[in-house]
Amino acid sequence: SYNAVTEGTGVGVLGDTKKLNTYYSSGTYYLYDTTKAMTGVIETRTAKNLSSLPGSYSVDPDDNFNATNQRADVDAHYYAGVVYDYYKNTFNRNSFDNKGATITSTVHYGRNYNNAFWNGSQMVYGDGDGTTFTSLSGSLDVVGHEITHAVTERTAGLEYQGQSGALNESISDTFAMFMDQKNFLIGEDVYTPKIAGDALRSLSNPTQYGQPENMSGYVNTTSDNGGVHTNSGIPNKAAYNTIQSIGYDAAQKIYYRALTVYLSPKSNFSAARAAMLASAADLYGTGSTQYNGVASAWTKVGVN
Ligand SMILES: CCC(=O)Oc1c(C)cccc1C(=O)O
Ligand SMILES: [Ca+2]
Ligand SMILES: [Zn+2]
């Protein structure tokens, strides 16, 4: 037996076929990608519907991962590679820690689990219950959202409660938009598989899914760490306004610089506006079109 870097194929959650970076060892193919410029790898595992992590490697005998119960594994692996490439190609960031850390994803976590999360060390995806969600790794914006939680943790470290927590959530939604520029919706590919056209959240119209889109609508609550998935609508709308006024490329450069240079664990929405303006000034100059676009984007959501 020998080891080899191989290229397999797989069928994703939505039934789409895609190429996979796999690895052959002793008669078995693994969802184990050694092709990136990392010190680590991108590896995908399964919890087999139990809840012990990281679970066992996702494997296949012929490098064609086309079984129904492999679809979540296929997309977690494929989209993790897409997200790695986005951060490396756009900002020259080498994985979430910028030191080439291994990206581990575990799918089939729990039973009918309508959730996805970064647990501080790896990504974890439920299969959904088939009504609220289908397998949550089935959409790039979910995978991009989760890996961005890891990037935020290693950079600004925004505390996951109150305004800094809502900002943490918004950074993940916003970078998901930068990666997946087809619309301003989050989770639409995996949310309510029996209902077309809906989404978990909307950055263009947060109120459509029960989120405020202005500081006047900030929700003071103790649930959900102070409403982090509700109040994220306000910075999400500011991000949408920013992209609409200055375009995706300038916006993503400003957001990345804010995240890595200016934001800190207790930054609130007002500090976020200041961080974005400082970044725009650094990159394009105060009074530039980009600077003015950022200023109005945040003023419109009532954050000054
Ligand atoms: C877009 C991905 C997302 O929001 O995942 C979560 C879900 C589905 C439930 C609870 C928390 C999260 C999260 O990652 O914040
Ligand atoms: Ca749906
Ligand atoms: Zn999140």
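All ligand and atom numbering here is 1-based and tracks the order in the structure.
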(request) Could you list which atoms of ligand 1 come closer than 4.0 Å to a heavy atom of Ala116? (result) 5 (O), 6 (C), 12 (C), 13 (C), 14 (O)

(message) Using a strict threshold of under 4.0 Å (side-chain N to carboxylate O), is an ion pair present between Asp85 and Lys36?
(response) yes

(message) My understanding is that we take every heavy atom of each candidate and find the minimum distance to atom 7 (C) of ligand 1. Doing that for Asp224, Asn115, Val142, which one comes out nearest?
(response) Asn115

(request) Assign the ring pair Tyr30 / Tyr57 to parallel, tilted or perpendicular, where the plane angle (0 to 90°) is split at 30° and 60°. (result) perpendicular

(message) For Asp141, which part has a heavy atom under 4.0 Å from ligand 1: side chain, backbone, both, or neither?
(response) neither

(request) Below 4.0 angstrom from a heavy atom of Ile186, which ligand 1 atoms are there? Numbered from 1 as shown, please. (result) 1 (C)

(request) Quick one: look up the protein heavy atom nearest atom 5 (O) of ligand 1 and list residue, atom name and how far away it is. (result) Glu146 OE2, 3.1 Å

(request) Return yes if a side-chain donor-acceptor contact under 3.5 Å exists between Thr104 and Glu43, otherwise no. (result) yes

(message) Does any N or O of ligand 1 fall below 3.5 Å from an N or O anywhere on Asp173, backbone included?
(response) no

(request) Would you check if the side chain of Arg45 reaches a backbone N or O of Gly55 as a donor-acceptor pair within less than 3.5 Å? (result) yes

(message) Show the atoms of ligand 1 that are less than 4.0 angstrom away from any heavy atom in Arg201.
(response) 1 (C), 3 (C), 4 (O)

(message) Less than 6.0 angstrom separating the ring centers of Tyr248 and Tyr255, yes or no?
(response) no

(request) For Tyr160, take its heavy atoms, then give the atoms of ligand 1 lying under 4.0 Å from any of them. (result) 15 (O)

(message) Using the Zn ion (ligand 3) as the vertex, how large is the angle between OE2 of Glu169 and NE2 of His145, rounded to 10 degrees?
(response) 120°

(message) Here's a test for you: under side chain to side chain contact (heavy atoms under 4.5 Å, CB included), which of Ile103, Val83, Val107 qualifies with Met123?
(response) Ile103

(request) For atom 11 (C) of ligand 1, find the nearest protein heavy atom and state the residue, atom name and distance (0.1 Å precision). (result) His229 NE2, 3.4 Å

(message) Looking at Asp73 and Arg71, is there a salt bridge between them, counting it only when a charged N and a carboxylate O are closer than 4.0 Å?
(response) no

(request) Indicate if the distance from the Zn ion (ligand 3) to the nearest N, O or S atom of His149 falls below 2.8 Å. (result) yes

(message) With side chain to side chain contact (heavy atoms under 4.5 Å, CB included) as the test, pick out the partner of Asp173 among Asn236, Leu185, Thr148, Asp141.
(response) Asn236

(request) Number the atoms of ligand 1 from 1 as they appear, then name those within less than 4.0 Å of a heavy atom of His149, with their elements. (result) 14 (O), 15 (O)

(request) Could you list the atoms of ligand 1 found under 4.0 angstrom from a heavy atom of Leu136? (result) 8 (C)

(request) Before accepting this row, confirm whether a basic side-chain N of the pair Glu188/Arg201 lies closer than 4.0 Å to the acidic partner's carboxylate O. (result) no

